[in-house]
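Numbers restart at 1 for each chain; the letters A, B, ... are given by sequence-line order, proteins then strands.
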Amino acid sequence: MASASQRVEDHSQEERFRRIWEVVEGIPEGCVLNYGEVARLAGLPGRARLVGRALARAPKKRALPWHRVVNAQGRISFAADSVRGQRQRRLLEDEGVEFDGEVIDLERFSPERAIDRLLWGP
DNA sequence: AAGATGACTAACT
DNA sequence: AAGTTAGCCATCT
């Protein structure tokens, strides 16, 4: 049979992805978080790249709001003229996220500010 | 199986 | 302002 140690490693790896997916699922509509932040919230500080990997490998079934994750500069990490980049921007704009050129104000659209926006408006 | 890659980022030039 | 470097590490070649 497959070695136990191999199984354990696979499991903890799954575990990391699961935690990342959970964090992403928790991003409210109209908000964005950057990769590093998602990693931190998932208990994986310094592993922003892992978040990108986890999103790429997320099961379709899960229907994650993957578009709410952008990079630390507030920019979409796909080329602006790419199909994926345009789709992500469209999804964000459809739920009220505003761009200044190519850039989103991360402070303004952070989940923490979501309640403020509800109470006081944008 | 070693080396490149990348949905990243902070810290330096 | 813009490019480079170092750290990251599972996946892909």
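- In this structure, A/N34 contributes its side chain and A/E37 its backbone to a donor-acceptor pair below 3.5 Å.
- Rounded to whole angstrom, the span from the CG atom of A/L106 across to the C1' atom of B/dC8 amounts to 13 Å.
- Base contact: A/A56 has a heavy atom under 4.0 Å from a base atom.
- If you check B/dG6, C/dC8, C/dT11 against the side chain of A/R53, the one that comes closest is B/dG6.
- Residue A/R16 has its side chain nearest to C/dA10 when only B/dA10, C/dA10, C/dC8 are considered.
- Salt bridge annotation for A/R18-A/E15: present, with a cationic side-chain nitrogen under 4.0 angstrom from a carboxylate oxygen.
- In this structure, CD of A/E102 is placed 17 Å from P of B/dA7, rounded to the nearest angstrom.
- Looking at the side chain of A/R49, the nearest of the listed nucleotides C/dC8, B/dT9, C/dA10 is C/dC8.
- Taking atom CD of A/E15 as the reference point, atom P of C/dA10 lies 15 Å away to the nearest angstrom.
- For A/Q13, counting side-chain heavy atoms from C-beta on, the closest listed nucleotide (B/dT9, C/dA10, B/dA7) is C/dA10.
- Salt-bridge annotation for A/E93 and A/R89: present, with a side-chain N of the basic residue lying under 4.0 Å from a carboxylate O of the acidic one.
- In this structure, A/L44 atom CG and B/dT9 atom P are separated by 14 Å, rounded to whole Å.
- On the P atoms, B/dT5 is 16 Å away from C/dT4, given to the nearest whole Å.
- Remark: the backbone N or O of A/F78 is not paired with any side-chain donor or acceptor of A/R84 at under 3.5 angstrom.
- Nucleotide B/dA7 holds its C1' atom 15 Å from the CH2 atom of A/W21, rounded to whole Å.
- Rounded to an integer number of Å, the gap from A/Q86 CD to B/dA7 C1' is 16 Å.
- When the side chains of ILVMFWY residues are joined at heavy-atom separations under 4.5 Å, either directly or via intervening members, A/V32 and A/L91 end up in a single hydrophobic cluster.
- Nucleotide B/dA7 holds its C1' atom 14 Å from the CG atom of A/L91, rounded to whole Å.
- Positionally, the nearest nucleotide of DNA chain C for A/G46 lies more toward the 5' end than for the other of A/F17 and A/G46.
- Note: CG (A/L50) to P (C/dC12) measures 14 Å, nearest angstrom.
- Phosphate proximity of B/dT9 to A/N34: present, with a side-chain N or O under 4.0 Å from OP1 or OP2.
- Spacing between B/dA4 and C/dA6 at atom P, rounded to whole Å, works out to 15 Å.
- Closest approach to the A/F78 side chain among B/dA7, B/dT9, C/dA10 is made by B/dA7 (side chain taken as heavy atoms from C-beta onward).
- Comparing the P positions of B/dA1 and C/dC9 gives an interatomic distance of 22 Å, to the nearest angstrom.
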